[in-house]
Amino acid sequence: MSKKDLDWSSIGFNYHVADYRYVSNFKDGKWDDGAITTDSKIVLSEDAGVLHYAQEVFEGLKAYETEDGHIVCFRPDLNASRMEDSAKRLEMPAFPAERFIKAVDEVVKANEDWVPPFGSGATLYIRPVMFATGNVIGVKPADEYQFRIFVTPVGPYFKGGAKPIVVKVSDFDRAAPHGTGNIKAGLNYAMSLHAIVTAHEEGFAENVYLDAQSRTYIEETGGANILFVDADGNLVVPKSFTNSILPSITRRSIVQVAKDYLGLAVDERPVRLDEVHNFKEMGLCGTAAVISPVGKINDHGKEICFESGMDEMGPVIKKLYDTLTGIQMGEIEAPEGWVHIIK
Ligand SMILES: Cc1ncc(COP(=O)(O)O)c(C=O)c1O
């Protein structure tokens with residue numbers, strides 16, 4: 001085995017066709033045994049449910065090489081259970097959690113040469129996806145599905161890596177109150193595409209979505225949850241009273257890191273847009289974003305500037321970032337079960 005000949009430090013957040021993927025199909029009420037395959041293409045009937053009624057859910061996690069040469073991933077059990085929740089919400093059959101983790105192990109091991117080397121700043125992004133392959137014409141759930149996991153090496157999600165970004169308050173909504181914002185379904189991202197293209201054209205890195213019901217409270221961005229640091233240096237985490245924020249695994253981990261490793265108080269509560277100017281630091285968190293510092297929010301031309309500024313991460317966000325990534329990379333002792341050793 002030898003690593004692929006890629007320029008790991010400048011690969012960006014793009015798709016590279018790796019050698020192997022895992023596929024299992026659901027038919028006649030059950031999942032088949034599943035297998036590793038080389039075929040990256042999917043052939044669908046024109047009346048496949050995914051094409052008409054958007055029965056599709058997915059996950060995203062990363063595998064890393066550690067300093068001592070292991071390949072690990074971070075809390076895959078939480079991705080497995082969130083994918084079960086997502087599937088149930090869209091009337092799809094859940095792929096069993098223990099099989100999910102085993103499939104992640106198999107596909108990462110098969111693509112070992114694609115795991116970026118320790119210290120390169122790149123990681124192997126793992127994308128489990130499930131979609132309706134069975135026929136539908138009337139509006140109803142399909143009878144057949146495919147579960148697939150593919151992988152691709154990735155660099156940082158935001159250009160510039162850990163440099164502060166500027167985000168805008170969006171006039172579009174990502175998720176309806178009590179809709180599907182709390183699951184990881186492609187339909188939520190379809191909702192956000194026009195908004196993100198528009199934000200990029202205007203020079204912003206991401207959109208901050210407000211609650212769709214009252215347009216008063218901060219929810220999340222198109223691809224990450226939000227963290228704030230208050231004037232006392234404690235963490236404030238937006239909570240949705242309409243259940244429309246994705247339960248980020250990174251955010252749930254950061255909350256525990258803040259309390260147990262850094263001794264910070266954590267306030268998880270609805271956060272109003274009009275109180276954000278009181279905060280000192282802001283960050284976006286997620287598997288792809290890790291923790292990306294935000295320097296400014298642009299609210300319809302009015303700038304809300306954080307004390308941490310546009311040059312570097314604020315001190316609290318930096319401590320959270322260093323502790324979380326230290327745990328992920330095996331440099332700081334992890335809570336039981338957080339680091340899953342693949343090899
Ligand atoms: C809308 C949205 N919110 C939050 C997150 C972060 O979730 P996680 O930390 O589980 O990756 C993601 C995915 O990265 C996302 O797509």
Side-chain angles (χ1 to χ4, degrees), residues 13 56-64 73-87 89 97 100-101 104 123-130 149 151-152 154-158 165 167 170 172-176 179-196 199 205-212 217-228 235 237-240 242-258 268 271 282-292 294 317 320-321 323-325 327-328 338-340:
F13 204 91
E56 186 265 0
V57 296
F58 67 101
E59 272 303 323
L61 63 163
K62 284 173 172 175
Y64 315 82
C73 67
F74 188 65
R75 309 187 80 181
D77 52 321
L78 297 188
N79 295 96
S81 64
R82 188 170 63 187
M83 196 163 185
E84 285 189 345
D85 294 342
S86 300
R89 178 67 175 79
F100 178 105
I101 296 169
V104 167
T123 54
L124 189 74
Y125 186 73
I126 306 167
R127 170 54 62 88
V129 56
M130 189 201 291
I149 306 180
V151 299
T152 180
V154 293
Y157 190 64
F158 291 109
I165 55 174
V167 296
S170 184
F172 298 102
D173 295 320
R174 187 190 84 94
T180 53
N182 62 332
I183 62 163
K184 205 159 168 68
L187 59 92
N188 293 326
Y189 298 82
M191 290 279 284
S192 71
L193 290 179
H194 178 61
I196 192 68
E206 251 291 10
N207 283 295
V208 169
Y209 292 101
L210 302 178
D211 77 287
Y217 295 94
I218 299 258
E219 293 225 307
E220 62 174 321
T221 67
N225 279 184
I226 293 175
L227 310 166
F228 293 108
L235 199 60
V237 181
K239 188 169 165 178
S240 167
T242 54
N243 201 18
S244 32
I245 295 180
L246 187 77
S248 156
I249 294 162
T250 317
R251 185 249 301 161
R252 285 180 274 164
S253 306
I254 288 167
V255 164
Q256 202 171 322
V257 164
E268 294 187 74
V271 172
M282 175 176 174
L284 307 185
C285 68
T287 298
V290 192
I291 307 180
S292 298
V294 176
I317 294 282
L320 286 167
Y321 178 91
T323 313
L324 179 74
T325 52
I327 289 170
Q328 290 173 330
W338 277 25
V339 176
H340 172 77

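Counting convention: from 1, in listed order, for ligands and their atoms alike.
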Review point. Looking at side-chain heavy atoms only, is the closest gap between Asn225 and Thr250 below 4.5 Å?
Key: no
Practice item. Would you check if the side chain of Asp211 reaches a backbone N or O of Glu219 as a donor-acceptor pair within less than 3.5 Å? Key: no
Check your understanding: Any N/O of Arg251 closer than 3.5 Å to an N/O of ligand 1?
Key -> no
Practice item. Taking only heavy atoms of Gly286 into account, list the atoms of ligand 1 that are under 4.0 Å away from them. Key: 6 (C), 9 (O), 11 (O)
Check your understanding: Is the backbone N or O of Ile183 less than 3.5 Å from a side-chain atom of Arg82, with the two atoms forming a donor-acceptor pair by type?
Key -> no
Study note, to complete from the structure: Output for pair (Leu210 CG, Ser170 OG), nearest 0.5 Å, gives 8.0 Å
Review point. Between Asn207 (side chain) and Ala195 (backbone), is there a donor-acceptor pair under 3.5 Å?
Key: yes
**Study point:** Nitrogen or oxygen atoms of Lys184 and ligand 1 under 3.5 Å apart
**Key:** yes
Exercise for review: Within a distance under 4.0 Å of any heavy atom of Gly222, pick out the atoms of ligand 1 and give their elements.
Suggested key: 1 (C)
Practice item. Just go through Glu220, Arg75, Arg82, Arg174 and tell me whose heavy atom is the nearest to atom 3 (N) of ligand 1. Key: Glu220
**Study point:** Proximal atoms of ligand 1 relative to Leu246 (non-hydrogen, under 4.0 Å)
**Key:** 2 (C), 3 (N), 4 (C), 5 (C), 12 (C), 15 (C)
**Study point:** Pair Tyr64 and Phe74, ring centroids less than 6.0 Å apart
**Key:** no
Revision key, fill the gap. Atom 11 (O) of ligand 1 sits nearest the protein heavy atom Thr287 OG1, 2.6 Å
Exercise for review: Select the closest option to atom 9 (O) of ligand 1 among Leu78, Val290, Thr250, judged by heavy-atom distance.
Suggested key: Thr250
**Study point:** Lys184 backbone acceptor or donor facing Ser86 side chain under 3.5 Å
**Key:** yes
Check your understanding: So between Ser248, Gly223, Gly60, whose heavy atom ends up nearest atom 14 (O) of ligand 1?
Key -> Gly223
Check your understanding: Which ligand 1 atoms are under 4.0 Å away from a heavy-atom of Tyr189?
Key -> 1 (C), 2 (C), 15 (C), 16 (O)
